[in-house]
Amino acid sequence: MIIYGTALLATCHLLGIFLGDLLGQALGVKTNVGGVGIAMLLLIAARLFMQRREILPKLTELGVEYWGALYIPVVVAMAAQQDMVAALRGGPVAVLSAVTAVAVCAGVISAINRSERREEDPAPVPVLHDNPLLAEAE
Amino acid sequence: MLDILEKAALHNGLVAAFALVGVIVLLSGQISRRLTFGRVHGSAIAIVIGLALAYWGGKVSGGHKGLADLSLFGGIGLMGGAMLRDFAIVATAFEVQATEARKAGLVGAVSLLLGTVLPFIVGACVARAFGYSDAVSMTTIGAGAVTYIVGPVTGAAIGASPDVMALSIATGLVKAIIVMVGTPIAARFLVLRTPRSAMVFGGLAGTVSGVSAGLAATDRKLVPYGALVATFHTGLGCLMGPSVLFFATKALIA
């Protein structure tokens with residue numbers, strides 16, 4: 001049943017957000033700490049566990065993968081509701097600090113990634129599953 | 001006729017948003033293929049179109065949520081809102097190779113820390129250069145350079161003035177937009193090829209919206225790795241901003 005996959009995803013999502021809120025409260029911050037990241041880890045663990053016990057049929061997988069494939073359209077919708085007007089009105093302080101911060105970080109990213117030893121070159125493409133939904137999304 | 005059509009779209013906001021985004025993605029796919037011969041990724045063009053529509057919507061409505069403030073496009077707010085965005089991000093984790101993610105765990109954590117501290121320092125210094133020389137304003141604007149959520153959360157915690165808060169949010173927004181648009185352009189310079197490099201990118205570039213859109217427009221396969229790290233960014237920033245970073249700033253300028 002395809003709903004099992006979506007329900008698994010939803011459960012991991014809710015549990016992750018819940019744990020993130022708990023963590024935030026424990027640390028005394030008024031916000032969620034890494035809830036989505038925790039949810040992702042839960043889903044990875046659930047997948048490994050279910051695959052090992054062979055209780056992960058293709059249809060269940062599709063219930064998760066559909067949402068993964070919808071990711072880019074969702075991001076486009078997210079872009080369409082950014083507060084562009086405020087961002088552009090921020091003036092030189094906002095623009096200058098944002099540009100400089102991005103430039104500094106880009107330099108560091110580039111430096112760290114260049115230091116990655118290249119065991120295999122070209123880097124192997126991470127093996128995806130044979131899911132046409134995701135092949136489309138790329 | 002037009003009234004009925006408008007009513008149908010109004011009452012089925014999310015469905016209308018699916019249709020609209022579908023058209024945008026279709027259009028950008030064509031532009032990518034016909035005008036740039038595949039050199040510019042279709043997703044990148046779609047995101048830029050989205051941002052342009054957001055600007056237009058913001059101008060027309062005078063609101064803060066871009067296109068979603070026009071009632072006809074209200075569904076965009078749901079489709080691109082935090083709930084569905086996070087749902088889709090979590091779903092991408094299904095493709096993560098656990099071994100790859102574990103291998104890059106430490107370097108991911110280091111970049112997460114650097115990605116919080118470096119933008120903060122830069123933001124605080126720029127703020128000071130422009131005459132915001134008190135610790136509260138410097139910290140708030142510096143925190144805005146981390147993400148546009150960390151900025152106002154920090155500012156509220158340490159009691160910043162509303163205009164400084166607005167400036168801090170604007171800084172974070174500009175950063176998110178630069179990352180969204182700039183990542184595919186700078187992908188070669190950033191050496192964005194492996195899961196590990198995507199995790200480094202997610203930690204350092206910060207903002208979830210920027211990272212997720214930037215990676216989507218670069219290489220869909222890298223998205224889950226970058227997002228996995230980036231989602232801890234706001235939490236870490238909100239933790240460090242009003243505490244460690246604020247005290248450090250105060251100590252340094254006193």
Side-chain angles (χ1 to χ4, degrees), chain A residues 9 12-13 16 24 27 29-34 36-37 39-40 43-44 47-48 64-65 67-68 70-87 89-90 93-102 104-106 108-110 112-114 116 123 126 128 134 137-138, chain B residues 21 24 43 46-47 50-51 53-55 58 64-68 76-77 79-80 84-94 96-98 118-119 122-123 126 130 145 153 167 170-171 173-175 178 189-191 193-194 197 200-201 204-205 212-213 216 220-221 228 231-232 235 238-239:
Chain A
L9 171 60
C12 289
H13 183 166
L27 293 169
V29 228
K30 288 180 216 122
T31 175
N32 187 292
V33 176
V36 175
M40 293 175 90
L43 187 67
I44 296 172
R47 170 168 154 255
L48 291 178
V64 184
E65 284 161 0
W67 288 100
L70 260 193
Y71 171 74
I72 288 177
V74 165
V75 164
V76 173
M78 177 189 81
Q81 55 160 321
Q82 297 291 320
D83 195 355
M84 284 292 282
V85 179
R89 211 180 25 214
V93 183
V95 173
L96 199 64
S97 39
V99 169
T100 323
V102 172
V104 169
C105 287
V108 179
I109 294 170
S110 181
I112 296 181
N113 283 348
R114 267 163 224 274
E116 178 176 5
L128 279 181
L134 292 174
E138 284 148 28
Chain B
V21 172
I24 296 176
S43 317
I47 288 163
L51 290 173
L53 286 174
Y55 181 74
H64 294 288
K65 297 196 70 194
L67 202 57
I76 290 281
M79 181 175 172
L84 277 184
R85 182 197 67 189
D86 291 347
F87 198 58
I89 289 183
V90 175
T92 62
F94 220 55
V96 165
Q97 303 288 316
L118 290 178
V122 171
V126 172
F130 276 84
V153 168
L167 201 54
T171 305
L173 282 174
V174 174
K175 181 183 172 193
I178 297 175
F189 170 71
L190 299 174
V191 208
R193 277 188 306 188
T194 57
S197 66
V200 170
F201 172 76
L204 267 156
S212 54
R220 169 67 177 72
K221 286 189 285 292
L228 187 60
T231 51
F232 285 94
C238 292
L239 186 63

Best-contacting candidate, [options], against chain A by heavy atom pairs under 4.5 angstrom:
options                                : result
B/Ile24, B/Ile47, B/Leu51              : B/Leu51
B/Val174, B/Val90, B/Thr92             : B/Val90
B/Ala145, B/Ala216, B/Pro119, B/Ser197 : B/Ser197

Given heavy-atom pairs under 4.5 angstrom as the criterion, report whether the side chain, backbone, both or neither of A/Val102 touches chain B. side chain
A/Val104 versus chain B, the contacting section by heavy-atom distance below 4.5 Å: side chain
What residue, out of [options], has the most heavy-atom pairs lying under 4.5 Å from chain B?
options                             : result
A/His13, A/Gln81, A/Gln82           : A/Gln81
A/Val36, A/Val99, A/Thr100          : A/Val36
A/Leu48, A/Leu96, A/Val75, A/Leu43  : A/Leu43
A/Leu9, A/Ile44, A/Ile112, A/Val108 : A/Leu9

Part of [X] within contact of chain A (heavy atom distance under 4.5 Å):
X        : value
B/Leu118 : side chain
B/Tyr55  : both
B/Leu190 : both

Output the distance between atom OG (B/Ser212) and atom CZ (B/Arg85), rounded to the nearest 0.5 Å. 6.5 Å
Considering non-hydrogen atoms only, spot the tightest contact between [X] and [Y] and give its length.
X        : Y        : value
A/Ile109 : B/Ala205 : CD1-N, 4.3 Å
B/Thr171 : A/Ser97  : CG2-OG, 3.4 Å
B/Val122 : A/Ala101 : CG1-N, 3.5 Å
B/Arg220 : A/Gly68  : NH2-O, 2.6 Å
A/Met40  : B/Ile89  : CE-O, 3.6 Å

Any donor and acceptor pair, going by atom type alone, linking the side chain of A/Tyr71 with main-chain N or O of B/Ala91 inside 3.5 Å? no
Verify, without hydrogens or angle tests, whether A/Ser110 (side chain) and A/Ala106 (backbone) share a donor-acceptor contact under 3.5 angstrom. no
